[in-house]
Chemist: 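Dropping the structure in here first, questions after.
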Amino acid sequence: MHAWHVRRLADLPVAGRPVVMDLRVRWFLCTVAECTQRTFREQIPALTSRYARRTLRLAATIGQVAVTLAGRAGAALLATLGVTISRSSLLRALTALRYRPPRSRRYSASTTSPCAADAAT
């Protein structure tokens with residue numbers, strides 16, 4: 001271990017009060033001469049992603065509210081829950097989400113609905 005630094009993460013509020021975690025992250029030095037990256041920082045994938053300032057739980061909650069309400073309404077709802085976020089940041093969180101189109105059902109040419117196949121038998 002070479003050194004450490006404190007990483008500050010926002011988490012879901014408790015009883016309407018904001019929660020901030022101070023996470024002590026270790027720095028490691030690589031002793032292999034051929035290694036292109038000399039220093040490595042400890043990562044905790046179950047808690048947060050790289051460079052993030054929010055925990056995965058808070059980011060998921062913000063994403064769900066952003067999909068449902070977006071802009072001002074979403075920011076107002078999160079403010080009542082104790083999460084401080086601007087409407088612009090909420091929209092940025094919305095655009096950062098990966099869009100997954102809904103799966104479509106395929107029917108054969110002879111049927112128009114899933115019930116039509118049952119009616120034919």
Chemist: Just wondering, do Pro18 and Val83 contact through their side chains at under 4.5 Å, heavy atoms?
Modeler: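 Val83 vs Pro18: side chains apart.
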Chemist: Passes side-chain hydrogen bond (donor to acceptor under 3.5 Å, both in side chains), Arg92 versus Ser89? Steps please.
Modeler: CA-CA 5 Å; Arg92 228 179 351 266; Ser89 295; 3.0 Å; yes
Chemist: Could you give the distance from OG1 (Thr61) to CZ (Arg54), rounded to the nearest 0.5 Å?
Modeler: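 It is 11.0 Å, given to the nearest 0.5 Å.
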Chemist: Roughly how far, to the nearest 0.5 Å, is the OH atom of Tyr51 from the CZ atom of Arg41?
Modeler: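 The CZ atom of Arg41 sits 7.5 Å away from the OH atom of Tyr51.
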Chemist: Identify whether Leu56 and Leu12 are in the same connected component of the hydrophobic contact network (ILVMFWY, side-chain heavy atoms under 4.5 Å).
Modeler: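 Unlinked, Leu56 and Leu12 end up in two clusters.
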Chemist: How many angstroms lie between CZ in Arg72 and CG in Leu91, if you round to the nearest 0.5 Å?
Modeler: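 Interatomic distance, Arg72 CZ to Leu91 CG, rounded to 0.5 Å: 10.5 Å.
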Chemist: Would you say Val20 and Leu9 make side-chain contact, with heavy atoms under 4.5 Å?
Modeler: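 No; the side chains remain at least 4.5 Å from each other.
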Chemist: Measuring from atom CG of Leu78 to atom OG of Ser86, what distance do you get when rounded to the nearest 0.5 angstrom?
Modeler: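 These two atoms lie 11.0 Å from each other.
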Chemist: Please report the interatomic distance OG1(Thr48) to CZ(Arg53), rounded to the nearest 0.5 Å.
Modeler: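 Rounded to the nearest 0.5 Å, the OG1-CZ separation comes out at 11.0 Å.
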Chemist: Using the test salt bridge (charged side-chain N to carboxylate O under 4.0 Å, His left out), find all partners of Arg50 that sit at least two apart in sequence or belong to another chain.
Modeler: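 Counting only residues at least two positions away or on another chain, Arg50 forms no salt bridge (charged side-chain N to carboxylate O under 4.0 Å, His left out).
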Chemist: Is Val25 reachable from Ile44 through a run of hydrophobic residues whose side-chain heavy atoms are each under 4.5 Å from the next?
Modeler: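 Same cluster.
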Chemist: Does one hydrophobic cluster hold both Ile62 and Leu81, with members joined at side-chain heavy-atom distances below 4.5 Å?
Modeler: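 Ile62 and Leu81: one cluster.
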Chemist: Do Leu77 and Ile85 land in one hydrophobic cluster if side-chain heavy atoms of ILVMFWY residues count as linked below 4.5 Å?
Modeler: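 Yes, it is one cluster - the side chains of Leu77 and Ile85 are joined through contacts under 4.5 Å.
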Chemist: I'd like to know if the side chain of Arg7 and the backbone of Ala52 have a donor-acceptor N/O pair within less than 3.5 Å.
Modeler: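 Yes.
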Chemist: What distance separates Leu23 CG from Leu47 CG, expressed to the nearest 0.5 Å?
Modeler: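 These two atoms lie 6.0 Å from each other.
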Chemist: Is the CZ atom of Arg87 crowded by more than 12 outside heavy atoms at less than 6.0 Å?
Modeler: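 Counting other residues, nucleotides and ligands, CZ of Arg87 stays at 12 neighbours or fewer.
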Chemist: Mind listing the closest non-hydrogen atom pair of Pro13 and Gly16 along with its distance?
Modeler: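 Smallest interatomic distance, heavy atoms only, reads CB-C, 4.3 Å.
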Chemist: Are side-chain heavy atoms of Leu94 and Val67 found at a separation under 4.5 Å?
Modeler: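 They are in contact (side-chain heavy atoms under 4.5 Å apart), so the answer is yes.
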Chemist: Hey, does the Lys NZ or Arg CZ of Arg24 hover above the aromatic six-ring of Trp4, less than 6.0 Å from the centre and inside 45° of the axis?
Modeler: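 Checked: cation-pi criterion met.
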